[in-house]
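First up is the structure itself, then whatever we jot down about it.
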Amino acid sequence: MQRLGDFKLPHFFNYPPYFTLQPIRETREKQVQLWKELILDYCRTQKIFVIGLEEEFPLFSNPVIERSLSHEAKEAFLSALVSEGRAEWMDRGHKRCLILWLRIQDWADCILRFAKDNGLEDTVMTVEEIRSGIESRGTELHGMDRTVLMRALKLLEQKGKVAIFKGASTDDEGVKFSL
Amino acid sequence: MAGRWLLEAQLTGSGRPVLHPGEVECYTLSSVDIICEEKPNFPPFRSGVLILTTHRILWIDGTNKSGAAAIPLGAVNHIYSPSKSIKTMFGKSKVRLQVSATADGRIDERGSTAIVIALVLRGKSDLDSFYSRLRDAWSSRSWEASSSNPGRSDSRENSSGFFEGSSGVRMAGVSGILRKEQEMWESTDKSLQEAFQDLNALMSKAKEMVMLAEKMRLKLLSGSTSFGNATNDEEAGSNQEMQDWLLSVGIVSPVTKESAGALYHQQLSRQLADFVRIPLERAGGMIALIDVYCLFNRARGTELISPEDLLQACAIWEKFDVPVMLRKFDSGVMVIQNKSHSDEEVLAKIKSIVLKSEALKNGISPSDAAIALGIAPLMAKEHLLTAESKGLLCRDISPEGFRFYINLFKDIDPNNIYL
């Protein structure tokens, strides 16, 4: 089985037509579906949150069969993820895409679970600590994208589960949990 | 219908008349009746297409393809000049002919009696122009010329040692052969000069021109083989070109706007259907419209047709029962194909080609498919695109080119992609 780093690639990754945007509707739908799954799986395991269309992304080319996705194809597959709510364009020009292999809502649940597991009721923790502190090691929160984390926290704030406030140091914020 | 009174005329599969050797079309009219005023039980030939040729007057039933009749011009004794009266100006125009017939009324060149029949021109027609053409065709008596000539010239060539020159001088040996050759070339030269001076004369010389072309072709053929292996590649190539070009001079009687008038597109359409049969077979059942345009015009020689004429001629096929049809692919490419052509057959062939181990690994290009299917690359590409649209194939575009693979997408289970 071919690998990309430690990621196991599916067998059809070596099928050249997989890298050409198919014009026939039925074939295209299947192709898009396969790429969506693959992108999400890859990003989840590699903890990738942002894909830049103008940068090299290892998943988008296969040197063994000498094929890569065209810009048009990349945009088509990512747009499909955006329509499904599993990704968001970060700019008008569709050059950078935020991949939500967990939806914001799922991240929020993750944080709540984390807070419960670590008995963080009524305590305060900085945002940085949530994503890189000792407690977060081994959980999905560890190393997560800061933007995504902030959005998840904001969602929890709206629900009254946390309160976000400016911390003592100007460059970090604090979170108080009220579960 | 014809049997009892008129001779039967043969038609091709597309409803065009089968012409005798040397017979050339001169004029075509629609909505013509043939009636016989003196015989009460003469069956009415109503509203047919009338085609005047150098040998006969042909009448084709518009509704029934098998109804076609002929009056040999040799049977016509007299053509009455059309009377100019108030009746003829506002009513139907008639041309009366006196024709020889047998005792029981059948029109025959060697008939003992004579009857008068009338051609009633119901449709829009120029009576005077038709009448003058009829007189010309009748007076030039072309049918007599072609029936007697071949016999005479053949016997001249086949005699073993001695040749009868046209001047009556007995010629023997090499000088005889040389003199005969000389005479032939002189007459050919004279023939060419006459032909090019008068275009009308050219039309009647058309048959001679075709025969000349045939002779030249045979000469080329015998010339290249008699010199053995000495011919170099280039010479052989241009010889081949010359042969092909001469071969394509085939149609002696082109349907022209003048001779058919308002029926131009109809007759052209039928002639095209007949013509396209052989190229279609050679091309494997499907041929690009642009290729037909070139081939057809080349065969016609003069009186070339425009692309619009060609398109219109093909469009009319829908109204007739011809075995060919015009087809436009999604890509815009237009082809002529046999009605019997089966897309399924081609698809099955493509499927077998694309499942071979080499193709599974590297796919197939339009030229690979063209070789495997025995058709032109342009046609092959259209078939591959059709197969793609049916979900049989998918495309692979890379710097190496445009290739097609068997569609494996349908077989991939999205829930189980990491087997």
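In what follows, chains are A, B, ... by sequence order, proteins preceding strands, each numbered from 1.
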Evaluation steps, salt bridge (charged side-chain N to carboxylate O under 4.0 Å, His left out), between B:Lys390 and A:Glu26
CA-CA 10 Å; B:Lys390 294 223 158 87; A:Glu26 233 181 277; over 6 Å; no
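A distance of 5.0 Å separates CD in A:Gln22 from CZ in B:Phe409, rounded to the nearest 0.5 Å. How far OH of A:Tyr15 is from SG of B:Cys394: 3.0 Å, rounded to the nearest 0.5 Å. In this structure, the separation between CG on A:Leu34 and CD1 on B:Ile412 is 5.0 Å, given to the nearest 0.5 Å. Summarising the geometry, atom CZ belonging to B:Arg395 is positioned 9.5 Å from atom CG belonging to A:Leu21; distances are rounded to the nearest 0.5 Å. The line from OG1 of A:Thr27 to CG of B:Leu408 is 11.0 Å long, rounded to the nearest 0.5 Å. The CD1 atom of A:Ile65 lies 7.5 Å from the CG atom of B:Asp396; values are rounded to the nearest 0.5 Å.
By the neighbour-count criterion of 12 heavy atoms within 6.0 Å, atom NZ of B:Lys339 is densely surrounded, having more than that number from other residues, nucleotides or ligands. Environment of CZ in B:Arg277: sparse, with no more than 12 heavy atoms of neighbouring residues, nucleotides or ligands closer than 6.0 Å. Annotation: B:Asp330, atom CG; neighbour count of heavy atoms from other residues, nucleotides and ligands within 6.0 Å does not exceed 12. Under a cut-off of 6.0 angstrom, the local environment of CD1 in B:Ile290 is sparse, with at most 12 non-hydrogen atoms contributed by other residues, nucleotides or ligands. Shown here is A:Glu29, whose CD atom has more than 12 heavy atoms of other residues, nucleotides or ligands within 6.0 Å.
The side-chain heavy atoms of B:Glu388 and A:Pro23, taken from C-beta on, include a pair separated by under 4.5 Å.
Contacts between A:Tyr18 and chain B at a heavy-atom distance below 4.5 Å involve backbone atoms as well as side-chain atoms. Only the backbone of B:Ile406 comes within contact range of chain A, judged by heavy atoms closer than 4.5 Å.
Side-chain N or O atoms of B:Lys410 include none that pairs as donor or acceptor with a backbone N or O of A:Lys30 at under 3.5 Å.
Along residues 114-136 of chain A, no residue comes nearer than 4.5 angstrom to chain B, judged on non-hydrogen atoms.
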